[in-house]
Amino acid sequence: MRPELPFPGAVVPVGSSSSAACRRLSAVSRHLQGSSSIADSVDDMLCASVTSGSDVNSVFAHIAKAPEDPILGVTVAYNKDPSPVKLNLGVGAYRTEEGKPLVLNVVRRAELQLVNDRSRVKEYLPITGLVEFNKLSAKLILGADSPAIRENRVTTVQCLSGTGSLRVGAEFLARHYHQRTVYIPQPTWGNHPKVFTLAGLSVNTYRYYDPATRGLNFQGLLEDLGSAPSGAIVLLHACAHNPTGVDPTIHQWDQIRQLIRSKRLLPFFDSAYQGFASGNLDADAASVRMFVADGGECLVAQSYAKNMGLYGERVGALSVVCKTADVASKVESQIKLVIRPMYSNPPIHGASIVATILGDRNMFDEWTIELKAMADRIISMRQKLFDVLHARGTPGDWSHIIKQIGMFTFTGLNSEQVSFMTKEYHIYMTSDGRISMAGLSSKTAPHLADAIHAAVTRTA
């Protein structure tokens, strides 16, 4: 029996000895085959396989290496740092006082219940997702007594967390809405412009944050939206604005609503922190419900990453509030045509966890308690950081730390100061000075305060 030769495309080590390896393999092939014609063809195959790992022969050789994501790249750099005092305040994920990821007790209970239910199967969900999850998600954000729900004017589809909800909504609008321009706040979450641009929309910005006051530039916001073309889409953070932590007051929200309705703009809410900002689910949904109550139309993207800690489960929902039930039905039919070629249908596990918790009174109550505990810890970290900065006499007014709300604080630190803190104190954050308060603890707050104090006094 003739011994087998390496198969076409076999992986052969490459490098400085590749030519020598090719010669050795050629000699082996001639010895084994005994036929010069066969050996020649084998030579070609073997030598090609030896060099096939070279960039020169790759059809992708022209591709440049992409930079790290500015947010996720912070964690990449953090993981490479061997320092025992390193601190990651870049990525928005909740940590306990001990600095550990948290799985809510109610989530574990729900999962156990699901696992023990032998009647459950792993069949495909409908394109729009888990029906009960969709119903309960709409009630959570719009309110159980919402007239829009009662009148069947809302269509809700399960999506891949908040990002997926935004992308599906954006692609639907790009296909079926008469305006292709979306206005996003300046600044906003780094993924927003990418999501909308790649969906086919043109992105403009409106003023939002005032660096001088480290608060809301309300007048600038009104002026920019007032000059937006009629019908333009407006992205609004429902609560706990990312990255600034600055939210309008209820009175300001109502003024924004009146302006948007008078200009016939289309509001698109990104609700990533319901209940996680203030600890109150209803308070954190007040802005959305205000717009729904006036009978107008809007879109709402929801995420359960933060408020249920389901980061890796990618659970979210997109709701479109319409004028009539008939319009809502048509909208859903077209959204299905967006989803089907994108990811066909959503995963079942995370949505089942959410539906189990929202659909059970005891579990729901337990969730609200755990949710408030997370929100309260973040609020306490704001006070802790403010207090230690004040005690150190750090130059500047740091009251914005306790005035802002939610997971993030926009410190006001510049990129040079951030770089200094990373190099000298091993503290990692995005270059715009945004820090995740959820990643801070009573033990690490003094270390952060030392770094801020040093950075500010050094560059003062």
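- A distance-only check finds a donor-acceptor pair linking the side chain of Thr457 to the backbone of Ala454 [under 3.5 Å].
- Annotation for Lys135: atom NZ does not count as buried by contact number, only 12 or fewer foreign heavy atoms lying within 6.0 Å.
- Identified under the salt bridge (charged side-chain N to carboxylate O under 4.0 Å, His left out) test for residues 145-158, with sequence neighbours left out: Glu151-Arg153.
- Between the OG1 atom in Thr156 and the CG atom in Leu140 there is a gap of 11.0 Å [rounded to 0.5 Å].
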task = Report the C-alpha separation of Tyr209 and Arg214 in whole Å, then their side-chain angles, then the decisive distance to 0.1 Å, and conclude whether the side chain to side chain donor-acceptor pair (under 3.5 Å) test is met.
result = CA-CA 7 Å; Tyr209 179 72; Arg214 296 176 184 173; 4.8 Å; no
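- How far CE of Met407 is from CE of Met374: 8.5 Å, rounded to the nearest 0.5 Å.
- Pairs engaging residues 218-261 under the ring pair (Phe, Tyr, Trp, His ring centres under 6.0 Å) rule: His192-His237, Tyr208-His241, His237-His241 [sequence neighbours left out].
- Panel note: side chain Asn345, backbone Leu125; a donor-acceptor pair is recorded below 3.5 Å.
- Checking side-chain atoms of Asn79 against main-chain N and O of Thr75 turns up a donor-acceptor pair under 3.5 Å.
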I'd like to know whether Arg377 forms a salt bridge (Lys or Arg N to Asp or Glu O under 4.0 Å) with Glu97, so could you lay out the CA-CA distance, the side-chain angles of the two residues, the decisive distance to 0.1 Å, and finally the verdict. CA-CA 8 Å; Arg377 199 188 83 76; Glu97 177 65 21; 3.3 Å; yes
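- Applying the salt bridge (charged side-chain N to carboxylate O under 4.0 Å, His left out) rule to pairs touching residues 389-408 yields Arg392-Asp450, sequence neighbours excluded.
- If you check the side chains of Arg382 and Thr409, you find a donor sitting under 3.5 Å from an acceptor.
- Residues that satisfy the side-chain contact (heavy atoms from CB on, under 4.5 Å) test with Ser419, not counting sequence neighbours, are absent from this structure.
- When the ring-ring contact (aromatic ring centres under 6.0 Å, His included) test is applied to Phe291, the partners found at least two apart in sequence or on another chain are Phe269.
- Looking at Gln158, its side chain never comes within 3.5 Å of a backbone N or O of Ile127 through a donor-acceptor pair.
- Using modelled atom types, one finds a donor on one side chain and an acceptor on the other under 3.5 Å when comparing Ser278 with Asp284.
- Remark: the Ser303 side chain and the Ser161 side chain contain an N/O donor-acceptor pair separated by less than 3.5 Å.
- Listed for the Arg180 side chain is a donor-acceptor partner under 3.5 Å among the backbone atoms of Ala174.
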Atom pairs and distances, donor-acceptor, side-chain atoms in residues 427-435, under 3.5 Å, two or more places apart:
residue: Tyr428; atom: OH; partner: Asp81; partner atom: OD2; Å: 2.6
residue: Thr430; atom: OG1; partner: Asp432; partner atom: OD1; Å: 2.6
residue: Asp432; atom: OD1; partner: Arg434; partner atom: N; Å: 3.1
residue: Arg434; atom: NH1; partner: Asn242; partner atom: OD1; Å: 2.9
residue: Arg434; atom: NH2; partner: Gly90; partner atom: O; Å: 2.6

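- Scored by the ring-ring contact (aromatic ring centres under 6.0 Å, His included) test, Tyr206 finds no partners at all (sequence neighbours excluded).
- Here the straight-line distance linking atom CE of Met381 with atom OG of Ser436 works out to 12.0 Å at 0.5 Å rounding.
- For Tyr304, the ring-ring contact (aromatic ring centres under 6.0 Å, His included) test picks out Phe133, with sequence neighbours left out.
- Scored by the ring-ring contact (aromatic ring centres under 6.0 Å, His included) test, Phe276 finds no partners at all (sequence neighbours excluded).
- Pairs engaging residues 329-350 under the salt bridge (charged side-chain N to carboxylate O under 4.0 Å, His left out) rule: Asp326-Lys330 [sequence neighbours left out].
- With sequence neighbours left out, the salt bridge (charged side-chain N to carboxylate O under 4.0 Å, His left out) criterion links Asp294 to Arg257, Arg261.
- For the salt bridge (charged side-chain N to carboxylate O under 4.0 Å, His left out) condition, the pairs that include at least one residue of residues 102-131, sequence neighbours left out, are Arg109-Glu366.
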